[in-house]
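Positions are given from 1, in the same order as the sequence printed here. The structure presented is a predicted model; accordingly, all values stated were derived computationally and were not measured.
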Amino acid sequence: MATIGQYNTLPVIAIMANGAYLDAGELGEILLPNRYLPENCQIDDQLKVFIYVDSADRLIATTETPLAQLGEFASLKVSQVNKMGAFLDWGLPKDLLAPYNEQHSKMETGKYYLVHIYLDKTTERLVASSKIDRFLDIWPADYQKWDKVDLVIGGKTDLGFKAIINNRHWGLLYDNEIFQPLRIGKKVTGYIKNIREDGRIDLSLSRPGEGKVNDFSDKLLAHIAEQGGFSSLHDKSSPELIKRTLGVSKKTFKSTVGNLLKKGKITIEKDGIRLK
């Protein structure tokens with residue numbers, strides 16, 4: 001069954017002057033307007049589309065990509081505020097409403113807010129809420145140490161950054177282990193570092209040892225390629241320069257260089273690193 005607020009692959013059942021109609025099962029026939037139709041679209045073609053309610057309160061399909069979909073968290077900018085609430089730009093023609101009763105603090109035009117997107121059961125419309133905690137799992141997490149997880153950065157604390165784990169739980173990244181710029185709403189890959197006795201979760205942006213080196217190898221190779229095949233970074237470069245340029249510690253940088261050298265992917269020169 002097709003789902004509002006998510007991507008669906010639906011068959012074309014009719015092509016009319018205003019676009020193609022798609023079979024969305026219990027949701028009925030949904031229009032994909034002409035401006036989104038792929039070239040040479042035909043009946044029975046299967047199209048991947050996102051379904052939402054347009055400004056005329058109709059279910060509509062689009063091939064455009066929203067900044068987030070149903071059940072996800074995202075940092076969105078307020079485009080306007082009126083008596084209904086705040087309207088957030090989420091990358092589609094119709095802005096996403098955050099009603100006043102779903103605002104953790106009163107939203108202001110032009111500012112960004114971390115919100116959760118959910119379906120209002122009464123209106124069948126997608127709405128946003130900045131009351132993040134009520135959409136996270138209250139049950140203890142079942143992660144294992146060094147599990148790979150998806151993170152959404154949720155806010156700055158005295159110790160580092162809070163992050164939402166797999167759209168389910170809060171976790172914490174510590175300042176002294178962060179070697180890349182972070183901002184609220186940024187999506188990054190992370191790892192479960194520790195689950196404390198009180199159920200709180202410590203996170204890391206990299207795995208220890210060899211895994212950490214492997215994680216960074218592709219990024220370093222890409223950096224060297226972007227510099228024309230030669231990077232002026234070397235073992236005498238300052239930790240500050242390496243962190244500013246690559247977002248990692250000097251220790252990780254040197255370990256990765258050694259690993260890539262053993263694999264024959266780079267050569268070390270007096271004033272830098274060269275791709276082979």
What do the steps show when you test S231 against H223 for side-chain hydrogen bond (donor to acceptor under 3.5 Å, both in side chains), and what is the final call? CA-CA 8 Å; S231 171; H223 162 75; 3.0 Å; yes
Apply the test side chain to side chain contact (heavy atoms under 4.5 Å, CB included) to residues F216 and L246: give CA-CA distance (whole Å), side-chain angles for both, the deciding distance (0.1 Å), then the verdict. CA-CA 9 Å; F216 179 61; L246 300 173; 3.7 Å; yes
If you compare all heavy atoms of L27 against all heavy atoms of A2, which two are closest, and at what distance to 0.1 Å? CD1-O, 3.6 Å
Heavy-atom closest pair (L203 atom, I165 atom, distance to 0.1 Å) is CD2-CD1, 3.7 Å
Within a reach of under 6.0 Å around CZ of F230, are more than 12 heavy atoms found that belong to other residues, nucleotides or ligands? yes
Would you find a donor on one side and an acceptor on the other, under 3.5 Å apart, between the side chain of K250 and the backbone of L241? no
ILVMFWY cluster membership beyond L159 - transitive side-chain contacts under 4.5 angstrom: L172, Y174
Heavy-atom check, side chain of W90 versus side chain of S79, under 4.5 Å: no
Charged N to carboxylate O under 4.0 angstrom, R35 versus E64? no
What one should report as the nearest heavy-atom pair of A128 and L96 is CB-CD2, 3.7 Å
With I224 as partner, the option from L233, L260, I273 fulfilling side chain to side chain contact (heavy atoms under 4.5 Å, CB included) is I273
Find out whether D202 and R196 are in side-chain contact, i.e. whether some heavy atom of one side chain is under 4.5 Å from a heavy atom of the other. yes
For residues Q180 and V188, report the shortest heavy-atom separation together with the two atoms involved. OE1-CG1, 3.9 Å
Neighbour count above 12 (heavy atom, 6.0 Å) for R134 CZ: yes
Quick test of your reading of the model: are R168 and D150 salt-bridged, counting only N-O distances below 4.0 Å? no
L88 side chain reached by M107 side chain, heavy atoms, under 4.5 Å: yes
Within-4.5 Å side-chain heavy-atom neighbours: C41 and V12: yes
If you count the non-hydrogen atoms of other residues, nucleotides and ligands that lie under 6.0 Å from NZ in K77, is the total more than 12? no
Taking the six-membered ring of Y191 as reference, does the cationic atom of K148 (NZ for Lys, CZ for Arg) lie under 6.0 Å from its centre and within 45° of its axis? no
Tell me if a side-chain donor or acceptor on E72 pairs with a main-chain N or O of I117 at a distance below 3.5 Å. no
To the nearest 0.5 Å, tell me how far S130 OG sits from E102 CD. 8.0 Å
Which value, rounded to the nearest 0.5 Å, describes the distance between I266 atom CD1 and I268 atom CD1? 4.0 Å
If we ignore hydrogens and angles and just use 3.5 Å, is the side chain of H116 paired with the main-chain N or O of D133 as donor and acceptor? no
Would the number of heavy atoms belonging to other residues, nucleotides or ligands and lying under 6.0 Å from NZ of K265 be above 12? no
Return yes if some donor-acceptor pair links the side-chain N/O of D89 with the main-chain N/O of D95 below 3.5 Å, else return no. no
Specify the closest pair of heavy atoms between A74 and L67, including all atoms of both residues, with the distance to one decimal. CB-O, 4.4 Å
Should we count CG of D44 as having more than 12 external heavy atoms under 6.0 Å? no
Should D137 and H169 be marked as a side chain to side chain contact (heavy atoms under 4.5 Å, CB included) after you check the CA-CA gap, both sets of side-chain angles, and the distance that decides it? CA-CA 6 Å; D137 202 334; H169 299 96; 3.5 Å; yes
Spell out, yes or no, whether V81 and M84 are grouped together once hydrophobic residues are joined by side-chain heavy atoms under 4.5 Å, including indirect joins. no
Taking atom CG of L92 and atom CZ of F50, what is their separation to the nearest 0.5 Å? 6.0 Å
Would you call Y113 and Q103 a side-chain contact if the rule is heavy atoms closer than 4.5 Å? no
Share the residues that join F73 in a hydrophobic cluster, the rule being Ile, Leu, Val, Met, Phe, Trp or Tyr side chains under 4.5 Å apart at the heavy-atom level. L114, Y118, V127, I132, F135, L136, V152, I164, W170, I184
So, do S204 and W146 sit near enough that their side-chain heavy atoms are less than 4.5 Å apart? yes
Got L173 and L182 here, is their nearest side-chain heavy-atom distance under 4.5 Å? yes
Linked, directly or transitively: L205 and F253 (ILVMFWY side chains, under 4.5 Å): no
Roughly how far, to the nearest 0.5 Å, is CD of Q46 from CG of N8? 11.5 Å
Test your reading of the model: is there a side-chain donor-acceptor pair from D120 to the backbone of R125, 3.5 Å cut-off? no
Is the count of non-hydrogen atoms from other residues, nucleotides or ligands lying under 6.0 Å from H234 atom NE2 greater than 12? yes
To the nearest 0.5 Å, tell me how far I4 CD1 sits from I30 CD1. 7.0 Å
How far apart are the C-alpha atoms of L126 and V53, what are their side-chain angles, what is the distance that settles it, and do they pass the side chain to side chain contact (heavy atoms under 4.5 Å, CB included) test? CA-CA 8 Å; L126 294 166; V53 177; over 6 Å; no
At what distance, to the nearest 0.5 angstrom, does CD1 of I60 lie from CG of D54? 5.0 Å
Would you name the heavy atoms of L32 and A61 that are closest together and state the gap between them? CD1-O, 3.4 Å
Salt bridge (Lys or Arg N to Asp or Glu O under 4.0 Å) between K156 and D175, intermediate numbers included: CA-CA 10 Å; K156 190 75 176 71; D175 271 334; 3.0 Å; yes
Can you tell me if CG on D158 sees more than 12 non-hydrogen neighbours from other groups inside 6.0 Å? no
Any chance you could lay out the side chain to side chain contact (heavy atoms under 4.5 Å, CB included) test for L10 and I51, step after step, and finish with the verdict? CA-CA 11 Å; L10 305 177; I51 300 174; 3.9 Å; yes
